2 protein chains.
Amino acid sequence: MQPGGKKAGPITMEMVARIAGVSQVSVSRALNHPEKVAPATLARINEAIRATGFVPNLVAGALASRRSGIIAALIPSITNITYSSFLRPFIEAMRQAGYQIILAETGFDEQEEAAMVQNLLSRQPEGILLTGVNHSPDCRRMLLGAGLPVVEVWDTSESPIDISVGFSHVETGRAMARFAWQRGYRQAGVLTAPDQRALRRKDAFCSEFIALGGAAPVEHVCEGSASIKNGREGLAGLMRNGFTSGVIQCSSDLFAHGVLIEAQARSLKVPGDVAVIGFGDMDFAAHTVPKLTTVRVDRDVLGHTAADALLKRIGGHRLTDSTIDVGFKVIGRQSA
Amino acid sequence: MQPGGKKAGPITMEMVARIAGVSQVSVSRALNHPEKVAPATLARINEAIRATGFVPNLVAGALASRRSGIIAALIPSITNITYSSFLRPFIEAMRQAGYQIILAETGFDEQEEAAMVQNLLSRQPEGILLTGVNHSPDCRRMLLGAGLPVVEVWDTSESPIDISVGFSHVETGRAMARFAWQRGYRQAGVLTAPDQRALRRKDAFCSEFIALGGAAPVEHVCEGSASIKNGREGLAGLMRNGFTSGVIQCSSDLFAHGVLIEAQARSLKVPGDVAVIGFGDMDFAAHTVPKLTTVRVDRDVLGHTAADALLKRIGGHRLTDSTIDVGFKVIGRQSA
DNA sequence: ATGAAAGCGCTAACAT
DNA sequence: ATGTTAGCGCTTTCAT
């Protein structure tokens, strides 16, 4: 330790203040409410900040102000574009509003999710983003008890914890069935991942297709997540299960793409022998051969809407509706 | 306010302590060092915690202990599987070590990155993950000044800020050129995204291919990011630039997949008319028709290695090497 | 416009 | 094994 030197450690507002010849509070003001500081003083303070390379300690700031500036986001899978694509605009919108995001991956596991929520709550987040509307009772209770803004994304709910932003998976299933029916398909198969939302779309597709007079669709539920590989295996699986021709409703464009490739490998014509409807309108959907018929959900809008709703709630506003439906659209291209 | 009631607000350790009939510190101990608390006391405290639903305030804890339990991670793009796929194991490893992640997306912009680093530093992270080794001078200076553990991922560097974990992009380029040469290709094209690492792979491929005696490759640099769409357009672009046949080195498997599709649309045989080498060995690479020849980098290993290295540095260890090369492997399949 | 005083809820010594 | 005393670095009154 140097003679006469203060003890080591980070640069604090106190040090900056001493250099600028003001009190510590003035430095705080200069940073948070510059309009309340005389221009000359402000200039001296800013110069001292620059000279020292001072970086404010937001941990201390958060404790004192009781505002963490943190939003917690939980998504099932980071690598799954379905979720990362609405997370991106969400994070960006939050960043612009001055918030930072703590991210956690649940792996589609409600117990993990509940444990993570508890962990995240200890960071005093000002809001929470959850994926889907199915959460463990513990999780719901904790969140309700914490009384902070929560937005559930990617689904609509009759009884959201706080607010939900998404669309009706049941309606997409019905819409796909009607679309297939109108295009003349009377036989169908369904190829789906085992997650709750995909299964709801599948069930809705099947009942609507049958209600319209179609044959009961052949089903194949893949283990694991949506991928081209599983899509290829899925077509094989469907054919083993008795699917011979008709339209296949896939729970993801990735599955649909896999079906396209497997059909090509088997010299099956698409949509002549096998027709395909995907889900998601992912970036490649308009660029396969043939182009994919699919369901579009605007994930940019989803992320932004979720962020806006959360920010309003954080700001103390009540929302007119606790559920926001961003809708969806069946995009008819060439594969069905 | 109720008569006799304390003022409202969050449940604190103080309240839990009162209920359990102990002092506030004992509650802190019960949570952080349970072995230092008598079993009977511990039981009473835990019961009080359960009864109140107490969630510790880590913001206060972080301030007092000067350990935030936070790691900051900056990646170029959240939706790009190249980056999310090493982020996932990284986050998981960090979670198991008790850390939470604050995530920010730089959009491949060094200025944005520097600004975000400054913002993130105010959260007092115990470590930082950066993507790549190209950072603005400001950014380097801040990080060096902060003196905290930094791991740069996805590249190796001769002069890392702290530690780097990745592989040599130049070597992958050379390896692809040698591979192509050995398979008998004497004409080549390159299709690349405009990011720094992809360009280095491209340059290395070209110079090695020429050094071996091959013709100077036809080049096409895509605007925007790697995608099937851009891959299709890329093949068209290469042919406009004079590419007629040979092998195409792509900076991503997504480009390579796009080339496959475009070749199919143009009735070109792969690898007969056009051969393709991708990059990344993404999950679909072994399931296209034909299967993709590509370069594999184990992103799971990358994420875990980065986490381990960072944890060691946080623990105060010096590492034997400041740069860890996780290597790569050319995977010869059918497309080249 | 500026400063002094009082905490935010917790952990880290140092007692006992 | 448990409690007491001091802060951590900042924001928020409340004075001046």
Side-chain angles (χ1 to χ4, degrees), chain A residues 6-46 48-49 52-70 98 121-126 146, chain B residues 6-46 48-49 52-70 98 121-126 146:
Chain A
K6 292 288 169 192
K7 42 186 170 183
I11 297 151
T12 63
M13 281 191 177
E14 183 61 42
M15 298 174 184
V16 174
R18 204 136 37 207
I19 292 173
V22 296
S23 77
Q24 179 261 102
V25 249
S26 290
V27 178
S28 174
R29 274 202 200 92
L31 256 21
N32 301 313
H33 310 281
E35 73 285 359
K36 294 187 173 180
V37 176
T41 317
L42 188 58
R44 288 211 319 285
I45 293 174
N46 283 332
I49 289 176
T52 54
F54 169 69
V55 175
N57 182 332
L58 276 193
V59 173
L63 179 60
S65 68
R66 297 148 158 285
R67 304 204 305 102
S68 67
I70 292 278
L121 283 177
S122 65
R123 295 286 173 189
Q124 316 298 113
E126 294 183 46
Chain B
K6 291 287 167 189
K7 42 186 168 181
I11 297 152
T12 64
M13 281 190 176
E14 183 61 43
M15 297 174 183
V16 174
R18 204 135 37 206
I19 292 172
V22 295
S23 78
Q24 179 260 96
V25 249
S26 290
V27 179
S28 173
R29 274 202 199 90
L31 255 21
N32 302 314
H33 311 281
E35 74 284 359
K36 294 187 173 178
V37 176
T41 318
L42 189 57
R44 289 212 318 284
I45 293 174
N46 282 333
I49 288 176
T52 53
F54 169 68
V55 174
N57 183 334
L58 277 193
V59 174
L63 179 61
S65 68
R66 296 149 158 284
R67 303 203 308 102
S68 67
I70 291 277
L121 283 177
S122 66
R123 294 287 172 188
Q124 316 297 113
E126 294 183 47

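Since we're looking at a predicted model, the values are computed, not measured. Atoms considered below: every heavy atom in the structure, side chains included; atoms not considered: hydrogens, waters and symmetry mates. By convention in this document, chain letters (A, B, ...) are assigned in the order of the sequence lines, proteins followed by strands, and residues within each chain are numbered from 1.
Summary of the strand contacts: B:Ala60 and B:Gly21 both lie near DNA chain D, and taking for each the nucleotide with the nearest heavy atom, the more 5' one is attributed to B:Gly21.
One finds a side-chain N or O of B:Ser23 lying less than 4.0 angstrom from the OP1 or OP2 phosphate oxygen of D:dG3. Not one side-chain nitrogen or oxygen of B:Ser65 sits closer than 4.0 Å to the OP1 or OP2 atom of D:dC8. Contact annotation: B:Ser26 side-chain N/O to D:dG3 OP1/OP2 distance is under 4.0 Å. In this model, the phosphate group of D:dT12 is not approached by any side-chain N or O of A:Ser28 to a distance below 4.0 Å at OP1 or OP2.
In this structure, B:Ser68 contributes its side chain and B:Gln124 its backbone to a donor-acceptor pair below 3.5 Å.
Residues from residues 30-37 of chain A that place a heavy atom under 4.0 Å from any atom of DNA chain C, listed by number: A:Lys36, A:Val37.
Comparing the local axis fitted to the first five base pairs of the helix from C:dA1-D:dT16 to C:dT16-D:dA1 with the one fitted to its last five gives a bend of 30°, rounded to 10°.
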Can you list, pair by pair, the side-chain donor-acceptor contacts under 3.5 Å of residues 39-46 of chain A, counting residues two or more places apart and other chains?
| unit_1 | atom_1 | unit_2 | atom_2 | d |
| --- | --- | --- | --- | --- |
| A:Arg44 | NE | A:Ala20 | O | 3.1 |
| A:Arg44 | NH2 | A:Ala20 | O | 3.2 |
| A:Asn46 | ND2 | A:Leu42 | O | 3.4 |

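Between atom CD of residue A:Glu35 and atom CZ of residue A:Arg29 there is a gap of 10.5 Å, rounded to the nearest 0.5 Å.
Nucleic acid contact class of A:Val22 (heavy atoms, under 4.0 Å, all strands): sugar-phosphate only.
Residue side chain A:Arg66 does not reach the base of C:dG9 through any donor-acceptor N/O pair under 3.5 Å, judged by distance alone.
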